[in-house]
Amino acid sequence: MLTFECPYCGVQADETELSPGGEAHLTRHGPESSDEAFEGYLFLRENPRGVHFERWRHSFGCGKWFLAARCTMTLEVFGTYAAQTTEPPQDILDKITGRRPGWRRLG
Amino acid sequence: MSEVTIRKQAPRGMITLRGDLSVPALGAACAEVNGCDLPARGQAAHAGEAATLWMSSDELLLLLPQADVPDALTRIGAALAGSHHLAVDVSDARTLFSIEGAGLRDVLGKLTPADVSAAAWPPGALRRTRLAQVAAAIWLRTETEAQLICFRSVTDYVEALLHTAAKAGQVGFHRPLR
């Protein structure tokens with residue numbers, strides 16, 4: 001079972017109290033971008049077997065979006081942080097490196 | 001004979017108040033209309049039938065007698081004039097239940113994925129969660145009395161859920177059976 005701590009309410013929210021929102025930290029490519037960049041923004045996603053950064057919404061709770069770093073293989077959660085974050089916070093990156101030596105972020 | 005009693009409460013006045021909860025005028029306005037202090041994160045504050053529930057980092061739910069709602073909205077609007085906020089009467093949108101009895105943690109534990117142990121959910125703590133298939137907010141007034149709010153459209157469903165969970169026999173997980 002996947003359990004995240006909502007960074008807004010501080011509760012341990014079960015996966016079934018949340019709604020998944022796909023990959024986090026996408027860069028938007030809108031009008032006037034190249035077709036390749038727009039295609040990448042719209043369709044191309046990482047699908048790692050391991051560490052992944054994701055968007056989740058606490059839909060059965062406070063209703064806020066937040067971001068989470070977790071392992072897709074073991075469901076280990078490295079941390080959750082506010083949705084208003086464009087890059088993963090350093091403390092979470094350090095924690096991932098501590099748990100997965102040699103790990104490098106995709107993308 | 002079940003030791004947990006489920007009771008649907010008479011309609012209660014409810015006001016959703018959204019805004020910056022750190023604005024002093026907001027806390028003062030809440031205290032003025034229903035007599036409750038501003039609850040901390042994840043908490044519920046009580047004063048008799050009135051209560052102020054922390055629903056999210058920018059949302060409160062005020063409970064008060066239904067007849068007082070129009071006057072309360074006027075007073076909140078006056079107190080927060082010029083400060084970005086939203087105050088709406090949602091009394092007809094939600095239903096209030098009370099769940100009483102020593103075994104209430106076991107009854108709720110059958111329906112929600114939330115941790116309802118004494119350590120994670122002490123009296124005064126509010127938890128918005130999922131009750132079987134629908135959203136609900138639960139909070140403890142005392143160790144043996146919980147209150148629950150759900151949307152009015154799912155009232156019958158929630159009432160049936162709670163009665164079924166309460167009558168099926170004691171579990172004794174959160175409170176050892178004697």
Side-chain angles (χ1 to χ4, degrees), chain A residues 1-26 28 52-92 95 99, chain B residues 16-22 38-44 52-61 86 88 90 93-94 108-122 124-140 148-151 153-154 157-158 161:
Chain A
M1 186 184 285
L2 192 55
T3 306
F4 290 115
E5 180 179 328
C6 172
Y8 297 98
C9 2
V11 302
Q12 296 291 327
D14 173 68
E15 183 184 352
T16 59
E17 295 177 85
L18 306 167
S19 303
E23 188 182 334
H25 304 304
L26 297 178
R28 182 175 182 271
H52 197 212
F53 297 89
E54 293 173 330
R55 302 168 72 227
W56 287 86
R57 179 170 177 262
H58 194 186
S59 48
F60 278 94
C62 64
K64 305 291 183 203
W65 283 96
F66 63 89
L67 306 183
R70 62 135 181 160
C71 177
T72 58
M73 200 163 52
T74 64
L75 302 193
E76 177 178 2
V77 176
F78 301 106
T80 54
Y81 47 102
Q84 293 77 16
T85 315
T86 51
E87 287 297 313
Q90 192 57 46
D91 60 321
I92 288 184
K95 196 173 172 200
R99 298 282 299 155
Chain B
T16 279
L17 178 59
R18 299 198 78 148
D20 183 350
L21 304 189
S22 63
L38 197 66
R41 179 169 93 153
Q43 299 289 308
T52 300
L53 315 179
W54 188 96
M55 300 298 270
S56 86
S57 50
D58 58 359
E59 179 180 346
L60 297 172
L61 186 68
L86 172 83
V88 182
V90 293
R94 295 185 172 101
L108 289 169
K110 293 180 189 177
L111 302 173
T112 167
D115 185 353
V116 291
S117 67
W121 192 48
L126 176 120
R127 183 68 151 84
R128 294 181 74 178
T129 183
R130 179 174 65 79
L131 224 59
Q133 299 186 42
V134 297
I138 48 177
W139 69 100
L140 283 174
L148 182 153
I149 279 184
C150 66
F151 285 115
S153 55
V154 295
Y157 174 76
V158 168
L161 273 182

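By convention in this document, chain letters (A, B, ...) are assigned in the order of the sequence lines, proteins followed by strands, and residues within each chain are numbered from 1. Scope of the values below: all heavy atoms of this structure, side chains included, with no hydrogens, waters or symmetry mates.
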- Message: Please report the interatomic distance CG(A/Leu18) to CZ(B/Arg130), rounded to the nearest 0.5 Å.
- Response: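 Here the interatomic distance stands at 10.0 Å.
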
- Between atom CZ of B/Arg127 and atom SG of A/Cys9, what is the distance when rounded to the nearest 0.5 Å?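 Interatomic distance, B/Arg127 CZ to A/Cys9 SG, rounded to 0.5 Å: 7.5 Å.
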
- Counting only heavy atoms not in A/Tyr81, do more than 12 fall under 6.0 Å of its OH?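 Atom OH in A/Tyr81 is packed in, count exceeds 12.
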
- Item | Enclosure of A/Gln12 CD (heavy-atom neighbours >12, cutoff 6.0 Å) |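 Above 12, so yes.
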
To check you understand the geometry: which heavy-atom pair defines the closest contact between [X] and [Y], and what is its length?
X	Y	result
A/Pro7	B/Arg41	O-NH1, 3.5 Å
B/Trp54	A/Tyr8	CH2-O, 3.6 Å
B/Arg128	A/Glu17	O-OE1, 3.8 Å

